[in-house]
Amino acid sequence: MRVLCVAEKPSISKSISQILSGGQFTTHATRSQYIKNYEFDYPQTNSFYTVTCVSGHLTGCDFPETHRKWNSCDAFELFDAPVEISVAGDKKSIEENLLNQARRADMLMIWTDCDREGEHIGLEIVRVCKRAKRNIVVKRARFSAIIAQQIHHAAQRPVELDRAQADAVEARITLDLKVGAAFTRMQTQILQNHFVQLADTRSVVSYGPCQFPTLGFVVQKWNLVKSFVSEPFWYIFLSLTRNTSSTRGEDTVFTWKRGHLFAEDAAVSLYDFVLSDPLARVIKVTKKGTKKWKPLPLTTVELQKAGSRLLRLAPKKVLDISEKLYQQGFLSYPRTETDQFDPQFDFHTLLQKQTIDPAWGVFATSLTDGGFSAPRKGKNNDKAHPPIHPTAHAANLVGDEKKVYDFITRRFLACCSKDAEGWQTTVDVECGEEFFYATGLLVLERNYLEVYPYDKWVGHEIPDFEEGEEFQPSVCELREGKTSKPSLLTEADLVTLMDKNGIGTDATIAQHIQTIIDRDYVIEKMEGNTKYLIPSKLGIGLIEGYDKIGLNKSLSKPQLRRETERSMVQVCERTKSKADMLEETIVQYKEMFIIARREFEKVVSMEETEKVGAGEVVVVMMAVMAVTEEGAAEGTLRGVEVEAPRHHGAEVVAHVEEVAEVLLWSPTPMTISTLHRHQLHVVERTKQRQVPIYAKLDLLIQPEKLPSPLQVDSQVCRI
DNA sequence: GCAAGGTC
C-alpha cells in the first residue's frame, strides 16, 4: 500500500521520516523551496511511505470581487457577504505537490500538529488531495511528542480527523474576517471624513478582535498612571545598630507588621504607645531552610517576556531570532506552549553537547556527572512540541543571536540543575504592643544560580538575637512616606496580560503588539534601559470612543475574544454547531456595529464641536512657511523645532518664516475642521503656505511629535 | 487599503 503522509511543516516531515525509516530514506525536491518529499519502506504496516508537508494553513479566505473593494458595498453588508476559500498564490506549488502525490497514493495520513489549527490544516490538505483522488482513504496520526516510540505508534494506530475542531477554526476564520473588515472600513471612513489628514489612503484605522483588546491594555495602564494621585502614609520605623560577625555597627531594620497606615491620627496614637515602652522584646527567632526555585521549562511566551525584560529585545525580534537559530539547527522548535518535558526526553545527550562551551561547559559537565535534577513540571502542554531548548552547541554566534542562544541554553541548564538553597532567620519583636520583624538570609548553595545570572538572590546578614532578650531600639520614629506612581506598561507586561486574557497565541502575540505600533496607536518610549508603551492620541481616542459608546460588551476589552474562544470549545465538544456559532456571533456583532457606527459619528463630532461657539472670536496662531519640495513641513518656530504632518495629500517641505496670529469670527458654531478648511482657503491664494499650528485640530495625529512648548503656545484662545 | 492563525 502507498501511504502519503502530510505534516504541518518541514521540520516535522523530516523528523518523522528519520524515525519511521530508521534513517534510510530518499529525498526528493519539490517546486516549493522549503518542501521536500521523503520516501521509504515501512515494513511494520507493509507500506511504501511518502512523507511531505505543507507550510501552515494552505488556504486563505476573503470576500469575492463583489465585496472586496472598499466602496463596493456598505461596510455592514460584509457581515452577510459570502466568503471564498482559495489557495494563495505563494502556496500553489505546495498544492501542486499534494495533487501529484495523492494521485499515486492509496491512503492519506495527516500528520499536522495535534491542536485545533492542526485539525483544520488537516482538513485543508484532505480537500486538496481528494480533488486528485476522490476515494483516497483518510487517516490521522496522533502523537504528543516527536519521540520514536510515539511516532511508530501513531503510524500504526491512526485515528480519524476531528471535523468538529476543524469547524471551530473555520468559524473563527470567517468571523475574524467579517468583523475585522466591517469595523475597519467603518472606522476608517468616518475618521477620514472628519480629519482631513487621514484622507491619505495609506492610513488605515484598523479594528481587530485581538489588536483592540491589546491596545485597550495599553490605554488602561496609561490612564491609571495619568490619573494617579500620590497619597501620604505613615509607618513606625524601628532599628537597632549592633555588630554582626562580619560587620560592625550594622543597622537592623525591623518592619512594622501593619505595613503602613493612611490615617495619620491612628498612626500617631499607635506610635505613642510604642514610645511609652522603652524596650523592645524578642518574642521569637525562627530559623529554617529555604529555597529559591529554579525556573520552569521555557515556552514561547516566557521567552518573549524574558527577551524584552532581560535582553531588551522586542518580542517580535526574539521570535525572529529564535526562528533563525531553529533553522540553523541550534534550537528546538521555538513556538511552543509546553512547559514540561516528556518523561522520555533525552537530557543527557543534549547536556553533553554543552560541555565544550567555555562559559558553561564546566557547569554542564557537573550535570552530566551526577548533578542532574529533573526539571520542574509546568501546567501547560500543547502536545506537539517540547519546551524550547538548545539542540546543538553554537560557538560562533554574535550580537542579539548570541544573547538569545545564551539565554535559552542557560535556562535549559538551570532547569536541569538543583534549586538554590539558603538559610532564613526571622526575628519577631514586640514593643508597646506593636509587632515588628526582621529577616536575614544566608545563601548556602547557589546551584542553578551559577549558570543563570538572570535571577538574583542576595543574602543579607542579621545579628544574633535570642528569644526573650530585650533591647533599646537605636531609632524609633514615626515616618511619613507616599505612594509612588505606577510605572507605564512594558512590552513584557503586555505579553503577560495578553497571555493571561487569551488574546492571541504564542505565535501571534508579538505580531499584535507590532500591529498597534505600526498603526500609530501606540508609541514605544525608552526611559533609561526600559522600553515603555504609551498610547498615541489616536489610540486613546479610539479606545475612549468605544468606551463612551457604552456597549454592554466593550469592543476594547478581552471579554468578546474570550466568548469567541468559549464558543470554539463548544463546537469542538460538539455541544454547538459551527452554523450556530456563526449565527449567534454575527447577530451580536451586527448589533454592536449599528450602535458603534451611530455613536462613533457622535463621539467624533463631539471631539470637534467643543472648540468654537457661535459669535466667538478665536485667535489662531499661524506659522507662515515657505513651500519647497516634497516631504513634510518642518522648520523652527520661536526657536522650537516644528514638524507638521503631510498636508492635504500634497506633501510639502516648508520652512517656517514667521508666526502670524489670525483672528477669526465665527457666525455659527464652528468645528476645528471647518476652521482648518477656512484657513486652507487663505493659503491657496498665496504662494506661501500658512500652516495652523497643530493644537486641538490634530489631536488625533500624533501630537507627541510636536514639542510641548509649542502646544502651549498654540492653544486656540477665546477672547 | 480590512482579521487572526498557521508557517518560511
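So that the names make sense, note that chain A is the first sequence line, chain B the second, and so on, each numbered from 1.
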message: So if I apply the salt bridge (Lys or Arg N to Asp or Glu O under 4.0 Å) rule between A:Arg172 and each of A:Glu117, A:Glu563, A:Glu565, which one comes out positive?
response: A:Glu117
field: Donor-acceptor contact below 3.5 Å, side chain A:Thr336 vs main chain A:Pro386
entry: yes
- request: Could you walk me through whether A:Asp62 and A:Glu84 pass side chain to side chain contact (heavy atoms under 4.5 Å, CB included), step by step?
  value: CA-CA 5 Å; A:Asp62 204 351; A:Glu84 286 174 349; over 6 Å; no
Nucleotide B:dG5, atom C1' - distance to CD of A:Gln211 in whole Å: 14 Å
message: Base, sugar-phosphate or nothing for A:Phe183? Non-hydrogen atoms, less than 4.0 Å.
response: nothing
query: Can you list the residues that meet the ring pair (Phe, Tyr, Trp, His ring centres under 6.0 Å) rule with A:His67, with sequence neighbours excluded?
result: none
- prompt: B:dA4 P sits how many Å from A:Ile121 CD1, rounded?
  reply: 18 Å
- prompt: Can you check side chain to side chain donor-acceptor pair (under 3.5 Å) on A:Ser556 and A:Ser554, steps first, answer last?
  reply: CA-CA 5 Å; A:Ser556 66; A:Ser554 176; 2.9 Å; yes
- request: Can you tell me the distance, in whole Å, between the CG atom of A:Leu58 and the C1' atom of B:dG5?
  value: 14 Å
query: Within less than 4.0 Å of OP1 or OP2 of B:dT7, is there a side-chain N or O belonging to A:Arg335?
result: yes
query: In whole angstrom, what separates A:Met498's CE from B:dA4's C1'?
result: 11 Å
message: Please classify the nucleic acid contact of A:Ile173 as base, sugar-phosphate, or nothing, using heavy-atom distances under 4.0 Å.
response: base
task: Classify the nucleic acid contact of A:Gly56 as base, sugar-phosphate or nothing, counting any heavy atom under 4.0 Å across all strands shown.
output: base
query: Taking A:Thr300 for the side chain and A:Pro334 for the main chain, is one N or O donor matched with an acceptor at less than 3.5 Å?
result: yes
- prompt: Charged N to carboxylate O under 4.0 angstrom, A:Asp113 versus A:Lys9?
  reply: yes
task: Check every strand shown and say whether A:Tyr333 touches a base, only sugar-phosphate, or nothing at a heavy-atom separation below 4.0 Å.
output: sugar-phosphate
Ring centroid separation A:Phe212 to A:Tyr546 under 6.0 Å: yes
task: Specify the separation, in whole Å, of atom CG of A:Leu215 and atom P of B:dA4.
output: 12 Å
- prompt: Should A:Asp162 and A:Arg140 count as an ion pair when the cut-off is N to O under 4.0 Å?
  reply: no
field: Given B:dA4, B:dG1, B:dA3, the nucleotide with the shortest approach to the side chain of A:Arg172
entry: B:dA4
field: Distance in angstrom units between A:Asp62 CG and B:dG1 P, rounded
entry: 12 Å
message: Please classify the nucleic acid contact of A:Cys53 as base, sugar-phosphate, or nothing, using heavy-atom distances under 4.0 Å.
response: nothing
- prompt: Which listed nucleotide (B:dG6, B:dA4, B:dC2) is nearest to the side chain of A:Arg185?
  reply: B:dC2
task: Could you identify which residues of residues 67-88 of chain A place a heavy atom less than 4.0 Å from some atom of DNA chain B, listed by residue number, or say none?
output: A:Arg68, A:Trp70
- request: Would you confirm whether the ring centroid of A:Tyr589 sits within less than 6.0 angstrom of the ring centroid of A:Phe79?
  value: no
message: As a test of reading the structure: which of B:dG1, B:dC2, B:dG5 is closest to the side chain of A:His57, going by heavy atoms?
response: B:dG5
- prompt: Base, sugar-phosphate, or nothing: which does A:Asp113 touch, judged by heavy atoms less than 4.0 Å apart?
  reply: sugar-phosphate
query: What nucleotide, of B:dC2, B:dA3, B:dG1, holds the atom closest to the side chain of A:Asp176?
result: B:dA3
- request: Among the candidates B:dT7, B:dA4, B:dC2, find the nucleotide nearest to the side-chain atoms of A:Arg561.
  value: B:dA4
message: At a heavy-atom distance below 4.0 Å, what parts of residues 499-515 of chain A sit against DNA chain B?
response: A:Gly504, A:Thr505, A:Ala507, A:Thr508, A:Gln511, A:His512
task: Rounded off to whole Å, could you give me the OH-to-P distance for the A:Tyr589 and B:dA3 pair?
output: 14 Å
field: Upstream residue (5' side of DNA chain B) when A:Ser11 and A:Gln189 are each assigned their closest nucleotide
entry: A:Gln189
- prompt: Of A:Glu323 and A:Thr174, whose closest DNA chain B nucleotide lies nearer the 5' terminus?
  reply: A:Thr174
message: Treating A:Lys548 as the side-chain partner and A:Glu599 as the backbone partner, does any N or O pair qualify as donor plus acceptor under 3.5 Å?
response: no
message: Distance check needed: B:dG5 C1' versus A:Leu319 CG, whole Å only.
response: 14 Å
